[in-house]
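Data first, discussion second: the structure below is written as structure tokens.
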2 protein chains.
Amino acid sequence: MNVILVKNSLSENCHLFFSTLSNPTRLGIVELLREAPRNVTQLAETLHQEQSMISHNLKPLIRCRFVFVEKKWREHIYSLNRETMEPIFKIIDNHVEKYCPSKGSCLKINKKQTGER
Amino acid sequence: MNVILVKNSLSENCHLFFSTLSNPTRLGIVELLREAPRNVTQLAETLHQEQSMISHNLKPLIRCRFVFVEKKWREHIYSLNRETMEPIFKIIDNHVEKYCPSKGSCLKINKKQTGER
DNA sequence: CATTCATATGAATTAATCATCATATGACGG
DNA sequence: CCGTCATATGATGATTAATTCATATGAATG
């Protein structure tokens with residue numbers, strides 16, 4: 001495999017950082033936890049996904065410390081690491097404002113790009 | 001396909017944002033452009049990758065406006081959108097400092113996780 | 001206008017990631 | 001200790017993304 005990333009460089013860290021956040025399910029989780037802490041079951045219900053899927057997707061979020069867990073009796077309460085996440089959202093917000101005003105292709109999810117050429 | 005992401009929500013924008021940056025080749029490009037603007041050939045040489053691969057990977061970076069192009073004679077000079085990228089790097093840096101001090105599993109790329117359990 | 005330099009494109013293979021289902025763990029209540 | 005509520009795990013098939021190779025475009029130069 002290619003050894004593109006310089007050892008201990010910022011971009012080495014960045015890879016896991018970004019790939020963890022580049023998934024719709026995980027972003028959905030983050031978005032919900034932004035409102036309030038929740039447990040897995042609540043997340044699964046609200047996102048209309050299987051519990052196991054939410055569980056699987058929570059793992060990388062926790063591993064990267066984007067989400068914290070607090071064990072409360074038989075429940076596990078998940079909460080967002082706001083200190084890291086809010087500034088990130090703000091940057092993206094600014095970026096979209098300034099560089100993707102129409103959002104036509106810049107940051108919009110256009111799957112299958114029907115008719116694009 | 002699942003419609004997890006709320007329409008026009010932040011996380012809808014975030015998906016392309018993050019997935020564009022969650023690739024080692026593209027992060028390598030970004031890291032180089034952080035030093036100085038370069039053309040495709042220079043990027044390919046420095047990263048020891050095929051020119052076509054760099055070209056392919058530049059496309060999403062440009063589409064998201066993380067990288068700008070300036071056409072100069074027969075060359076295309078690529079440069080980094082520092083306004084967006086530098087704050088991002090700073091946040092990650094802080095995050096790693098505070099939440100991943102040992103970096104053991106937090107943001108380290110541990111492919112194949114040999115022997116991990 | 002043929003050649004070379006610089007870059008882009010497309011199709012096809014390969015690789016990485018996800019979702020899914022079935023099942024396991026674990027803690028608590030009765 | 002049996003049931004059930006809450007969550008996690010593992011293996012596998014499916015989906016998506018990335019790399020590669022071959023080739024195309026395009027602009028300048030002799």
Side-chain angles (χ1 to χ4, degrees), chain A residues 1-5 15-29 33 37-64 67-79 109-113 116-117, chain B residues 1-5 15-30 32-33 37-64 67-79 109-113 116-117:
Chain A
M1 221 270 181
N2 42 28
V3 192
I4 285 180
L5 303 180
H15 184 236
L16 229 193
F17 190 104
F18 290 128
S19 60
T20 296
L21 294 172
S22 71
N23 171 290
T25 305
R26 292 195 283 275
L27 284 173
I29 292 173
L33 295 184
R38 286 174 163 90
N39 66 26
V40 180
T41 310
Q42 294 169 322
L43 288 169
E45 274 172 13
T46 313
L47 294 172
H48 305 100
Q49 299 291 135
E50 297 238 342
Q51 171 269 316
S52 70
M53 188 182 158
I54 303 299
S55 223
H56 277 301
N57 279 291
L58 274 169
K59 193 146 52 169
L61 288 170
I62 293 160
R63 182 164 109 102
C64 288
V67 164
F68 303 127
V69 210
E70 192 201 352
K71 284 166 204 203
K72 228 183 171 186
W73 303 107
R74 59 168 77 178
E75 272 186 325
H76 295 188
I77 307 291
Y78 299 95
S79 62
I109 304 163
N110 46 354
K111 46 193 66 155
K112 285 283 112 94
Q113 28 242 105
E116 204 203 63
R117 217 272 104 140
Chain B
M1 217 273 182
N2 41 27
V3 193
I4 285 179
L5 302 181
H15 183 236
L16 229 194
F17 190 103
F18 291 128
S19 59
T20 296
L21 293 173
S22 71
N23 170 292
T25 305
R26 293 197 281 277
L27 285 174
I29 292 172
V30 165
L32 281 183
L33 295 183
R38 287 175 162 90
N39 67 25
V40 181
T41 311
Q42 294 170 321
L43 287 169
E45 275 173 12
T46 313
L47 293 172
H48 305 101
Q49 298 293 135
E50 297 238 342
Q51 171 269 317
S52 71
M53 187 181 160
I54 303 299
S55 223
H56 277 301
N57 279 290
L58 274 168
K59 193 146 54 170
L61 287 170
I62 293 161
R63 182 164 108 101
C64 288
V67 163
F68 303 128
V69 211
E70 192 201 350
K71 285 167 203 201
K72 227 183 171 185
W73 303 106
R74 58 168 78 178
E75 273 186 325
H76 295 188
I77 306 291
Y78 298 95
S79 62
I109 304 165
N110 45 354
K111 44 193 68 154
K112 287 282 113 98
Q113 29 247 99
E116 205 200 61
R117 227 264 107 120

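Letters go in sequence order (proteins before strands), and every chain restarts at 1. Values in this document were obtained by computation on a predicted structure and should not be read as measured data.
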* To do: Identify the heavy atoms of B/Ser19 and B/Arg26 that sit nearest to each other, and give their distance.
  => O-NH2, 3.3 Å

* **Distance in angstrom units between A/Leu61 CG and D/dA8 P, rounded** => 12 Å

* Nucleotide D/dC5, atom P - distance to CG of A/Asn39 in whole Å -> 14 Å

* To do: Can you sort out the partners of B/Glu75 under side-chain hydrogen bond (donor to acceptor under 3.5 Å, both in side chains), two or more places apart, ordered by chain and number?
  => B/Asn39

* Tell me: CZ of A/Phe18 to C1' of C/dT17, nearest whole Å? -> 19 Å

* Most 5' of B/Thr41 and A/Ser19 on DNA chain C, judged by nearest nucleotide -> B/Thr41

* Asked: Under 3.5 Å, side chain of B/Arg38 to main-chain N/O of B/Leu32, donor-acceptor pair present?
  -> yes

* Minimum heavy-atom separation for A/Ile77 to A/Pro37, with atom names? -> CG2-CB, 3.7 Å

* To do: Quickly work out the A/Glu75 CD to D/dA8 P distance and round it to whole Å.
  => 12 Å

* **Distance (rounded to the nearest 0.5 Å) between B/Leu61 CG and B/Leu33 CG** => 8.0 Å

* Just how far, in rounded Å, is P of D/dA6 from CZ of A/Arg38? -> 16 Å

* For residues A/Leu27 and B/Phe18, determine if any side-chain heavy atom of one lies less than 4.5 Å from a side-chain heavy atom of the other. => yes

* In whole angstrom, give the distance that lies between atom NZ of B/Lys59 and atom C1' of D/dA18. => 13 Å

* How far does CG of B/Leu43 sit from CD1 of B/Ile29, to the nearest 0.5 angstrom? -> 6.0 Å

* Asked: Over how many whole Å does the gap from A/Asn57 atom CG to C/dT20 atom P extend?
  -> 11 Å

What N/O pairs connect the protein and nucleotides 21-23 of chain D at under 3.5 Å? Give each pair on its own line.
| residue | atom | partner | partner atom | Å |
| --- | --- | --- | --- | --- |
| D/dC21 | OP2 | B/Glu50 | OE2 | 3.3 |
| D/dC21 | N4 | B/Ser52 | OG | 3.0 |

* Whole angstrom is fine here: how far is it from CG in B/Leu16 over to P in D/dT16? => 15 Å

* Close side-chain approach of B/Tyr78 and B/Ile62, heavy atoms under 4.5 Å -> yes

So which protein N/O to nucleotides 27-30 of chain C N/O distances come out below 3.5 Å?
| residue | atom | partner | partner atom | Å |
| --- | --- | --- | --- | --- |
| C/dC28 | O2 | A/Arg74 | NH2 | 3.4 |

